[in-house]
Amino acid sequence: TGKIMWGEIQFFELGKEILFRTQQGQLTRIPAEIIDKFVAGAHTTNVKQVVKEEQPFLVAGKLYHNLALFVPFGGKTTASSRTGLGIEYSMGWQATPKVGLGLGTGMNFMFGSFSDRLIPIVAEVRYYTNPAHQNRLYALLDSGYSLGWSADNTDEAYRFKGGWRIHPAIGIAWHNSSTARFTTELGCWQQRATLI
């Protein structure tokens, strides 16, 4: 409002209110959002700041969603080096601020060919460290079956068959806002697939 008040701060809770005694002896509560600033003087030695602990980003009992873009690289059983591309989506339930359980699916071009596609159906468990921190480490393990789908077998000359897969990984979750986070992850994929 532009009004200036002189007195003594009795109690100050960050983000809430100031308990203030005016020079005339009147005790009043002032909401923090209407204060432009206060200037320290001779009577501000009793200021007490109460800083709230950061709330866990992942709250127990809530659903989570995770969309991942990944680039697998490595070798086949033939020892030739291959790279690929994939996108996967998982949805789960946060059992505790540290542990999440979920299911996932997506599209995986793991073997470097956009015609040979794998559609995974997996279950996952995620374990986060330091749930009260904005940025935290996590470990991931997912496992399941990937269905094979080939776009080039219109003449039925061959069939691309998927198989069992397991994927352990470690990563860092970067807290961005109250509703989103970004992760950086490094893991190992063991995927069985055959061309018959």
Side-chain angles (χ1 to χ4, degrees), residues 56-131 133-196:
F57 178 63
L58 298 171
V59 180
K62 299 288 187 180
L63 293 177
Y64 69 82
H65 305 271
N66 190 63
L67 185 64
L69 176 67
F70 57 90
V71 181
F73 60 92
K76 301 189 300 181
T77 54
T78 57
S80 61
S81 178
R82 301 298 294 266
T83 60
L85 182 67
I87 185 167
E88 290 191 3
Y89 166 76
S90 62
M91 181 179 74
W93 174 65
Q94 201 67 35
T96 73
K98 287 190 173 185
V99 178
L101 306 169
L103 298 172
T105 187
M107 184 74 71
N108 186 336
F109 310 99
M110 178 172 279
F111 300 106
S113 170
F114 283 94
S115 64
D116 296 333
R117 306 158 189 178
L118 291 163
I119 302 172
I121 301 170
V122 298
E124 68 175 27
V125 59
R126 295 172 180 264
Y127 177 80
Y128 292 87
T129 62
N130 300 320
H133 292 178
Q134 285 192 341
N135 305 320
R136 69 212 61 169
L137 297 172
Y138 69 92
L140 164 69
L141 177 65
D142 74 45
S143 184
Y145 189 87
S146 294
L147 304 170
W149 171 32
S150 181
D152 288 346
N153 65 341
T154 53
D155 58 358
E156 298 184 355
Y158 68 89
R159 187 161 62 92
F160 182 62
K161 184 179 179 182
W164 171 82
R165 87 127 187 233
I166 187 168
H167 169 221
I170 57 172
I172 302 175
W174 310 96
H175 178 98
N176 182 50
S177 68
S178 60
T179 58
R181 74 183 189 277
F182 296 92
T183 60
T184 306
E185 184 180 295
L186 181 64
C188 176
W189 238 290
Q190 178 70 31
Q191 173 69 61
R192 293 184 65 86
T194 53
L195 201 62
I196 55 176

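Start at 1 with the first residue, then count along the sequence. Every value quoted in this text rests on a predicted model; they were computed, and no experiment measured them.
Of all heavy-atom pairs spanning Ser143 and Trp164, the tightest one is OG-NE1, 3.4 Å. Pro72 approaches Leu85 most closely through the heavy-atom pair CD-N, 3.8 Å. The shortest heavy-atom contact between Leu118 and Ala193 is CD2-CB, 4.4 Å. Considering every non-hydrogen atom in both Trp149 and Ile119, the closest pair reads CE3-CD1, 4.0 Å. Here the closest non-hydrogen pair linking Ile87 and Phe70 is N-CE2, 3.6 Å. Closest approach of Thr184 and Tyr138 over heavy atoms only: O-OH, 4.2 Å.
By the neighbour-count criterion of 12 heavy atoms within 6.0 Å, atom CD1 of Ile166 is densely surrounded, having more than that number from other residues, nucleotides or ligands. At most 12 heavy atoms of other shown residues, nucleotides or ligands fall within 6.0 angstrom of atom CG in Leu186.
Using cut-offs of 30° and 60° for the angle between ring planes, the His167 and Trp189 rings count as parallel.
Looking only at atom types and distance, the side chain of Trp174 has no donor-acceptor partner in the side chain of Thr183 under 3.5 Å away. At a cut-off of 3.5 Å, with distance as the only test, a side-chain donor of Gln191 or Ser146 sits close to an acceptor on the other residue.
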Problem - Derivation of the side-chain contact (heavy atoms from CB on, under 4.5 Å) call for Gln94 and Tyr128 - result: CA-CA 11 Å; Gln94 201 67 35; Tyr128 292 87; 4.2 Å; yes
Handout entry: Asp142 and Arg165: CA distance, side-chain angles, deciding distance, salt bridge (charged side-chain N to carboxylate O under 4.0 Å, His left out) verdict
Key = CA-CA 8 Å; Asp142 74 45; Arg165 87 127 187 233; 3.1 Å; yes
Exercise for the section: Decide yes or no on side-chain contact (heavy atoms from CB on, under 4.5 Å) for Arg117 and Asn108, but give the supporting numbers first. Expected result: CA-CA 6 Å; Arg117 306 158 189 178; Asn108 186 336; over 6 Å; no
Practice task
Give the C-alpha distance, both sets of side-chain angles, the deciding distance and a yes or no for side-chain contact (heavy atoms from CB on, under 4.5 Å) between Met91 and Tyr64.
Solution key: CA-CA 6 Å; Met91 181 179 74; Tyr64 69 82; over 6 Å; no
Exercise for the section: Before giving the answer on side-chain contact (heavy atoms from CB on, under 4.5 Å), spell out for Leu140 and Glu185 the whole-Å C-alpha distance, their side-chain angles and the decisive distance to 0.1 Å. Expected result: CA-CA 9 Å; Leu140 164 69; Glu185 184 180 295; 3.6 Å; yes
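Side chains of Arg126 and Ser90 form a contact here, defined as non-hydrogen atoms less than 4.5 Å apart.
A distance-only check finds no donor-acceptor pair linking the side chain of Thr105 to the backbone of Glu88 [under 3.5 Å]. Panel note: side chain Thr129, backbone Leu137; a donor-acceptor pair is recorded below 3.5 Å.
Atom CD1 of residue Ile172 and atom CZ of residue Phe182 lie 15.0 Å apart, to the nearest 0.5 angstrom. Considering OH of Tyr127 and OG1 of Thr96, their distance stands at 8.0 Å, rounded to 0.5 Å.
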